[in-house]
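Have a look at the structure below, then the notes.
None of these values were measured; they are calculated from a predicted model.
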Amino acid sequence: QVQLVESGGGSVQAGGSLRLSCVVSGLPYFDYCMGWFRQAPGKERERVAGIDSVGAETYTDSVKGRFTISEDIAKNTLYLQMSSLKPEDTAMYYCAAKRRLGGYCYPPPAPEVYNYWGQGTQVTVSS
């Protein structure tokens, strides 16, 4: 059974920090590339960060310089360090896994191409 379990969300004031974790089980982590998405009420789900199969990171413009994605392959765990949080970062945050086809895997921004999703963890930033 494939499971992606996020944790680390919470309520913080603007300028604060949070670290999200996503523990992956039931699939060969190395055969997937990973992304963090978020969805605020009334908005589409957007990819905020991704990490490809060679460890290169990609970020949406609004979080560049504030968020850092990382992974511990030995622990099958994906992280998202979020700093200098803003009220507009308030959303449900999800991790997602996309199966690698061939030698290279890039985590695209389109959520529909991902194979597995976590249940989400809520991040609320107050001003």
Side-chain angles (χ1 to χ4, degrees):
Q1 180 182 2
V2 176
Q3 285 191 309
L4 282 67
V5 181
E6 302 98 334
S7 61
S11 297
V12 297
Q13 290 191 325
S17 299
L18 285 172
R19 188 194 195 203
L20 306 184
S21 299
C22 171
V23 179
V24 180
S25 61
L27 58 79
Y29 189 93
F30 190 74
D31 287 343
Y32 288 76
C33 54
M34 305 295 295
W36 282 102
F37 287 75
R38 67 185 179 189
Q39 189 167 21
K43 294 189 175 181
E44 294 186 350
R45 190 169 296 193
E46 67 165 344
R47 190 202 64 187
V48 296
I51 190 163
D52 71 11
S53 55
V54 296
E57 304 159 24
T58 185
Y59 300 94
T60 193
D61 287 346
S62 62
V63 307
K64 283 181 181 177
R66 301 188 298 121
F67 289 12
T68 302
I69 189 172
S70 62
E71 61 186 358
D72 186 334
I73 296 176
K75 295 182 178 179
N76 284 6
T77 302
L78 182 73
Y79 302 99
L80 185 67
Q81 178 67 48
M82 307 186 294
S83 302
S84 302
L85 283 162
K86 304 176 180 180
E88 51 263 43
D89 294 319
T90 295
M92 185 72 78
Y93 283 71
Y94 303 87
C95 64
K98 176 185 177 296
R99 187 178 298 114
R100 177 162 60 174
L101 303 175
Y104 174 70
C105 181
Y106 175 76
E112 59 267 22
V113 303
Y114 287 77
N115 304 102
Y116 299 103
W117 292 84
Q119 82 291 345
T121 186
Q122 177 68 38
V123 172
T124 303
V125 185
S126 58
S127 58

Kindly indicate whether the side chain of Leu20, heavy atoms from C-beta on, has any atom under 4.5 Å from the side chain of Glu6. no
Output all residues satisfying salt bridge (charged side-chain N to carboxylate O under 4.0 Å, His left out) with Lys64, sequence neighbours left out; order by chain, then residue number. Asp61
Output every pair passing ring pair (Phe, Tyr, Trp, His ring centres under 6.0 Å) with a member in residues 62-107, not counting sequence neighbours, ordered by first then second residue. none
What do the steps show when you test Val24 against Met34 for side-chain contact (heavy atoms from CB on, under 4.5 Å), and what is the final call? CA-CA 10 Å; Val24 180; Met34 305 295 295; 3.8 Å; yes
For the pair Tyr59 (side chain) and Ile69 (backbone), establish whether a donor and an acceptor sit closer than 3.5 Å, ignoring hydrogens and angles. yes
Would you list the pairs meeting side-chain hydrogen bond (donor to acceptor under 3.5 Å, both in side chains) in which at least one residue belongs to residues 19-30, sequence neighbours left out? Tyr29-Glu71
With heavy-atom distances below 4.5 Å as the criterion, would you say the side chains of Val125 and Gln13 are in contact? no
Could you see if Tyr114 belongs to whatever hydrophobic cluster contains Ile51? Use Ile, Leu, Val, Met, Phe, Trp, Tyr and a side-chain cutoff under 4.5 Å. no
Only counting residues at least two apart or in another chain, list the ones meeting side-chain contact (heavy atoms from CB on, under 4.5 Å) with Ser83. Ser17, Gln81
Find out if a path of hydrophobic residues (ILVMFWY) with successive side-chain heavy-atom gaps under 4.5 Å connects Ile73 to Tyr32. yes
Which residue, Val48, Leu18, Thr68, forms the side-chain contact (heavy atoms from CB on, under 4.5 Å) with Leu80? Val48
Please report the interatomic distance CZ(Arg45) to CD(Glu112), rounded to the nearest 0.5 Å. 11.0 Å
Closest non-hydrogen atoms of Ser127 and Ala14, given as atom of the first, atom of the second and distance, are CA-CB, 4.3 Å
Answer yes or no: is there a side-chain heavy-atom contact under 4.5 Å between Phe30 and Ser53? no
Looking at Pro109 and Phe37, what are the two nearest heavy atoms and their distance? O-CE2, 3.4 Å
So which heavy atom on Pro87 is nearest to which on Ser126, and how close? CG-C, 4.4 Å
If we ignore hydrogens and angles and just use 3.5 Å, is the side chain of Thr77 paired with the main-chain N or O of Val23 as donor and acceptor? no
Could you check if a side-chain atom of Asp52 sits within less than 4.5 angstrom of a side-chain atom of Pro107, using non-hydrogen atoms only? yes
Under the rule for side-chain contact (heavy atoms from CB on, under 4.5 Å), what residues qualify as partners of Val2, not counting sequence neighbours? Leu4, Leu27, Tyr116
Salt bridge (charged side-chain N to carboxylate O under 4.0 Å, His left out): which pairs involve residues 79-96, sequence neighbours left out? Arg38-Asp89, Arg66-Asp89
So Thr58 and Arg47, do their side chains get closer than 4.5 Å, heavy atoms only? yes
Mind listing the closest non-hydrogen atom pair of Leu78 and Gly35 along with its distance? CD2-O, 4.0 Å
